[in-house]
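Taking it in order: structure first as structure tokens, then the write-up.
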Amino acid sequence: MPITVVGSIAYDAVKTPFGERERMLGGAAVHFALAASFFEQVRVVGPVGDDFGEAELEVLRGRGVDVSDVERIPGGETFFWRGEYGWDLNSRETLDTKLGVFEGFAPKLSSESRSSDVLFLANIQPDLQREVRAQLPDARFVALDSMNLWIDIARDSLVAAIKSVDCVILNDAELRQLTGKANLFSAAREVLSWGPRVIVAKQGEYGAALVTAESFFSLPAFPLENVVDPTGAGDTFAGGFVGYIAQQLRSEELSDELLRAAMAHGTALASFNVEEFGTERIERLARAEIVARLEELREITRFSSDG
Ligand code: AMP
């Protein structure tokens with residue numbers, strides 16, 4: 001089932017203990033779309049400026065992503081983010097955010113983008129998320145990501161957006177901040193009581209947990225020795241998770257089994273993303289590598305209770 005994603009399309013400047021990039025392709029919608037493109041047709045909605053290059057659009061087109069709703073704003077500048085990581089790659093400092101073309105952006109969705117059965121509202125201003133959600137009233141599965149900034153300055157709007165989706169994908173710290181509950185399960189239960197059926201708590205290098213009204217499931221991150229740049233890992237996880245669900249919803253209902261398998265796909269995709277800077281690794285990822293990593297993930301999480 002085709003997926004529409006709305007969110008940032010960006011240039012990122014990133015420094016980690018293992019190197020730096022001054023201006024690379026990034027943005028939540030980009031990381032999501034590249035990952036989800038391994039499973040389904042993806043349509044990206046979002047603005048870019050005059051400065052956004054054809055080569056960057058080609059990265060998306062190269063993975064079969066539909067970019068006809070990427071709107072070029074004349075005279076505008078592409079969203080820019082600068083961040084730096086220390087040795088603890090789980091915590092980063094945002095040094096600069098330039099909203100550029102996102103200021104005053106009103107999403108215009110083509111009839112194709114409005115007809116998708118699956119929608120991902122990547123991290124952007126929650127009013128924009130609600131506007132896009134309203135344009136796909138019949139979508140079968142809608143998921144949302146957000147960040148501390150919007151909890152700080154637009155909490156009411158974010159809560160309204162959350163009430164309109166099936167699935168919320170947030171960092172554990174963001175779930176705590178959003179609900180004011182220190183305990184992750186209590187925080188997830190609180191968000192479930194607002195309407196969504198599925199909560200995914202991302203925990204960086206420690207993995208991700210899935211909470212629904214009936215069940216709990218958790219996977220560690222795939223153990224890697226060469227983590228170079230975690231930027232976009234959360235969105236890449238979401239791309240694998242939502243992408244797999246969109247693919248499977250063609251033939252099955254949303255079940256606990258399907259959600260667990262989707263967690264594994266999100267985990268596998270995210271593990272590739274962090275091996276190199278930005279989108280570099282995912283750009284040349286092969287399907288066979290995903291299959292092999294899923295197999296390894298199955299092996300490291302398997303145990304027997306016999307004896
Ligand atoms: P993640 O590491 O998964 O949280 O995502 C990082 C991506 O989010 C980067 O590529 C940034 O361009 C993008 N990003 C950072 N801050 C914001 C923001 N305030 N709004 C939208 N996108 C952002």
Side-chain angles (χ1 to χ4, degrees), residues 5-16 20-36 44-49 51-52 56 59-60 77-85 89-103 105 107 120-129 132 143-154 157-158 161 169-175 200-205 208 221 227-242 266-267 269-283:
V5 52
V6 60
S8 55
I9 302 165
Y11 280 121
D12 290 345
V14 173
K15 189 171 179 186
T16 82
E20 57 189 301
R21 293 287 185 277
E22 202 33 52
R23 194 171 165 83
M24 65 182 180
L25 174 62
V30 168
H31 285 289
F32 174 91
L34 291 175
V44 177
V45 177
V48 296
D51 55 339
F52 197 72
E56 282 79 7
V59 170
L60 290 165
E77 243 181 81
T78 301
F79 180 92
F80 175 79
W81 176 76
R82 180 184 294 279
E84 188 169 336
Y85 299 79
L89 292 172
N90 257 355
S91 65
R92 71 175 169 215
E93 200 182 345
T94 290
L95 301 174
D96 196 7
T97 302
K98 288 196 175 76
L99 287 179
V101 287
F102 266 101
E103 274 177 281
F105 171 65
F120 184 61
L121 304 167
N123 167 32
I124 42 163
Q125 218 287 338
D127 291 331
L128 285 179
Q129 293 181 314
V132 174
L144 166 150
D145 186 12
S146 191
M147 70 185 294
N148 54 355
L149 171 70
W150 308 122
I151 303 171
D152 285 337
I153 68 172
S157 175
L158 176 59
I169 304 176
L170 284 177
N171 291 333
D172 51 0
E174 292 162 351
L175 273 170
V200 176
K202 295 177 286 180
Q203 298 166 301
E205 66 178 311
V227 177
V228 169
D229 171 25
T231 306
D235 305 306
T236 305
F237 177 95
F241 180 81
V242 174
T267 300
L269 265 294
S271 73
F272 287 110
N273 177 77
V274 303
E275 287 180 348
E276 292 179 24
F277 274 92
T279 59
E280 291 168 12
R281 182 68 179 93
I282 301 289
E283 278 179 43

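Both counts, for ligands and for their atoms, begin at 1 and track the order of listing. The analysis underlying the following values was restricted to heavy atoms, covering all of them including side chains, and did not include hydrogens, waters or symmetry mates.
- Within 4.0 Å of ligand 1, protein heavy atoms belong to S8, A10, D12, G26, G27, H31, F79, W81, R92, N123, M147, L149, P230, T231, G232, A233, G234, D235, listed by chain and number.
- Between E103 and K98, no side-chain nitrogen of the basic residue sits less than 4.0 Å from a carboxylate oxygen of the acidic one, so the salt-bridge criterion is not met.
- With sequence neighbours excluded, no residue forms a ring-ring contact (aromatic ring centres under 6.0 Å, His included) with F80.
- Every residue two or more places apart in sequence or in another chain that forms a salt bridge (charged side-chain N to carboxylate O under 4.0 Å, His left out) with E276 is listed here: R284.
- In this structure, F102 and F79 have perpendicular ring planes: the angle between them is above 60°, well past the 30° mark.
- Residues satisfying the salt bridge (charged side-chain N to carboxylate O under 4.0 Å, His left out) criterion with D152, sequence neighbours excluded, are absent altogether.
- Checking D127 against S157 by side-chain atom types alone, a donor-acceptor pair falls below 3.5 Å.
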